[in-house]
J.: 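Here you go, one structure.
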2 protein chains.
Amino acid sequence: MPTIKDVAKYASVSVATVSRVLNKKGYVSKEAEENVLKAISDLNYKPNSVARSLYHKTSKMIGLLIPDISNPFFPELARAVEDVALTYGYTVVICNTDEDIRKEAQYLEALQQKYIDGLILTTNQLSTENYENLGIPLVALDRQFSNRVPTVSSKNYEGARKATEYLIENGSEFIAHIRGPYHVKPADDRYRGFKDVVEEQGIAHIVVDCDFTMTNAMEVAEGLFEKYPTVDAVFASSDIAAAGVLKVAKSINKQIPEDLQIIGFDGIPLGEMLTPAITTVAQPIYKMGALSARLLIKQIEKQLLDVRNYEVETTIQYRETTRSDT
Amino acid sequence: MPTIKDVAKYASVSVATVSRVLNKKGYVSKEAEENVLKAISDLNYKPNSVARSLYHKTSKMIGLLIPDISNPFFPELARAVEDVALTYGYTVVICNTDEDIRKEAQYLEALQQKYIDGLILTTNQLSTENYENLGIPLVALDRQFSNRVPTVSSKNYEGARKATEYLIENGSEFIAHIRGPYHVKPADDRYRGFKDVVEEQGIAHIVVDCDFTMTNAMEVAEGLFEKYPTVDAVFASSDIAAAGVLKVAKSINKQIPEDLQIIGFDGIPLGEMLTPAITTVAQPIYKMGALSARLLIKQIEKQLLDVRNYEVETTIQYRETTRSDT
DNA sequence: CCCTTACCTGTAACCCGTTACACAAACTAT
DNA sequence: ATAGTTTGTGTAACGGGTTACAGGTAAGGG
């Protein structure tokens, strides 16, 4: 691999001149520039980004901290982040934290040592200071964070309200909510949205807990249908959970959506692949990822952010696990 | 961020001594070592990996080139690679190539400039020389590559044979194969496995082409069932395709598995989530990813590889889209 | 004709570690 | 006592860029 010195020698100029040509900075005569350009192409020279990083203390890399890329919510997000990053010349380092405080700390240290330029966080077991002390731009995606950190999330509360109202409009009278983990902001908001609507309208309801796995959702659903056979609608806090409910409901021969309506949340591709396809409160996942990446890169490049907190709209994807009210 | 100089000053030694302590190399007196260790902890010093990279021409990073992380086959693979990488102190850079030659080239250049230590390839539109000229360790996953590059794949031919034989044992007499893209080794091997069995046993069959998307699979399946309504089994080259077939088959009221058996390939989680759950030839996806990562890191760390080509076993996951033969 | 300014270029310091090399002290062997 | 090891430490060069600064030339203004 040729270095800038080789190029300088070949073009009979100093390394400073080569650097000026590369970075289009400072005065360079036309002649010198041509020589340098020719040298670069003759030698197939590529500037070494590590050396650049060392001087500039930046790396053209961003970190994406997610709980687990195997969770179907995240691949699309990761894809969006990566697409945007690529167009701006950044590469993305992916970090599966499993919501484990030690793994997070380990990544943070490794990334900091690599002069990572910024972080997109969909996970934060560590206290926020740990992140802010890094002194690099951050974006919180789908999570609550300190108000110094720009956030991107969808209107979880509102989406949950819409979902619940829709179930009620379609005639359901005893609605179960399968909620997500506590202290996870989106899960809490969805729960509040549900609760507010059922209480306002005086609808019978029940809330059960569930983590993000389908196995757990199925267990929970089994218990639910056994204890409350008259439940006639389920609003699940995620599509994975909804899929679990659907599977269980079908196994005990409930007619969907006649006996039981199901509505999920997230809008992951899985929902469409199932039969019946799951009605869901879809978040624009790709858009959220892309937006986060753009917000992060804007900060990295010292541009001012006009808005610091984005709440994107959710839309109900009307599919086959709910009755139409029209 | 403190540097090695700060540590040296604080401990009243030279930077060389600090470096010796850090790397446990060369002679250091007990006293000096203690002072350095104290300085490191007092100042919370972390060695800068960029500076290290510059000197050593390595980065403790590996690249994972995949077509698209949104394709459900890859998240689990990525997860495995990342898990293994982490335990060996490597970080992974993820690159979605979309099988696009220009994106691949762009990534290759960026990664090379970052002194990436090695690459796991599940995609190669570029000619193999482009990769080999990088002069860094490679592992080809689920792809054919030059014989200088270690490969990891599953027994696609054998798996396809098993699947086809299983359908026949269960009484199917007119079997369709939905094959994957041409010139993609696994798809070709699966096709050969299918063809050999149906020809050996003289079973009526039909082969149709399909890419990796579910939408395409559904179109293909519609055409198939219209033209050949007597098809009584489908062997799909991927679970995604199988899911598409299943959805179409259900929509035209075929009884599964009585009227139509379906068997997929891959063993992605989706298969289990569907109702009926899809019988599939499962590849040990996580294992393949982990194995690739270990092979790569072994090479990076200059250890000799005893075996260079791994073919892992597939196993049929007997689920609900096939009839049992017992 | 002198001074200012724009233009052009090279030297060397710097980013932050690593390590070759030189030097010194302490110890071993002869 | 002398040569040869082992141990311990510091200086400086190096990896591959970037840039402050100094120095030089040419053009324009008064």
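Keep in mind it's a predicted model, so treat the numbers as computed, not measured. So you know, we letter chains A, B, ... as the sequences are listed, proteins then strands, and number each from 1.
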J.: Under 4.0 Å from OP1 or OP2 of C:dG10: is there any side-chain N or O of A:T17 that close?
T.: yes

J.: Strictly below 4.0 Å: does A:K57 bring a side-chain N or O up to OP1 or OP2 of C:dC16?
T.: yes

J.: For a quick test of reading the model: is some side-chain N or O of B:T3 closer than 4.0 Å to OP1 or OP2 of C:dC16?
T.: no

J.: Can you spot which of A:I66, A:D68, A:I268 makes a side chain to side chain contact (heavy atoms under 4.5 Å, CB included) with A:F74?
T.: A:I66

J.: Angle between the end axes of the helix from C:dC1-D:dG30 to C:dT30-D:dA1, five pairs per end, to the nearest 10 degrees?
T.: 50°

J.: Could you tell me whether the phosphate oxygens of C:dC7, OP1 or OP2, come under 4.0 Å of any side-chain nitrogen or oxygen in A:Y27?
T.: yes

J.: Quick check on D:dG17: is either OP1 or OP2 less than 4.0 Å from any side-chain nitrogen or oxygen of A:Y45?
T.: yes

J.: Taking atom P of C:dT18 as reference, at what distance in whole Å does atom CG of B:L54 sit?
T.: 11 Å

J.: Rounded to the nearest angstrom, tell me the gap between atom CD in B:Q112 and atom P in D:dG16.
T.: 13 Å

J.: With ring centroids as reference points, do A:Y10 and A:Y45 lie under 6.0 angstrom apart?
T.: no

J.: Quick one: do the B:T97 and B:T123 side chains pair a donor with an acceptor below 3.5 Å?
T.: yes

J.: Would you say a side-chain N or O of B:S29 is under 4.0 Å from OP1 or OP2 of D:dT9?
T.: yes

J.: Does some side-chain heavy atom of B:H56 sit less than 4.5 Å from a side-chain heavy atom of B:Y115?
T.: no

J.: Hey, which sits more toward the 5' end of DNA chain D by its nearest nucleotide, B:V13 or A:N48?
T.: B:V13

J.: Reckon B:S49 has a side-chain N or O less than 4.0 Å from the OP1 or OP2 of C:dG17?
T.: no

J.: Can you measure A:I4 atom CD1 to C:dG10 atom P for me and round it to whole angstrom units?
T.: 12 Å

J.: Return whichever of B:R20 or B:R52 has its heavy-atom-nearest nucleotide of DNA chain D closer to the 5' end.
T.: B:R20

J.: Compare side-chain N and O positions of A:K5 against OP1 and OP2 of D:dG16 and report whether any pair is under 4.0 Å apart.
T.: no

J.: Please state how far atom OH in A:Y55 lies from atom P in D:dT19, giving the value in whole angstrom units.
T.: 5 Å

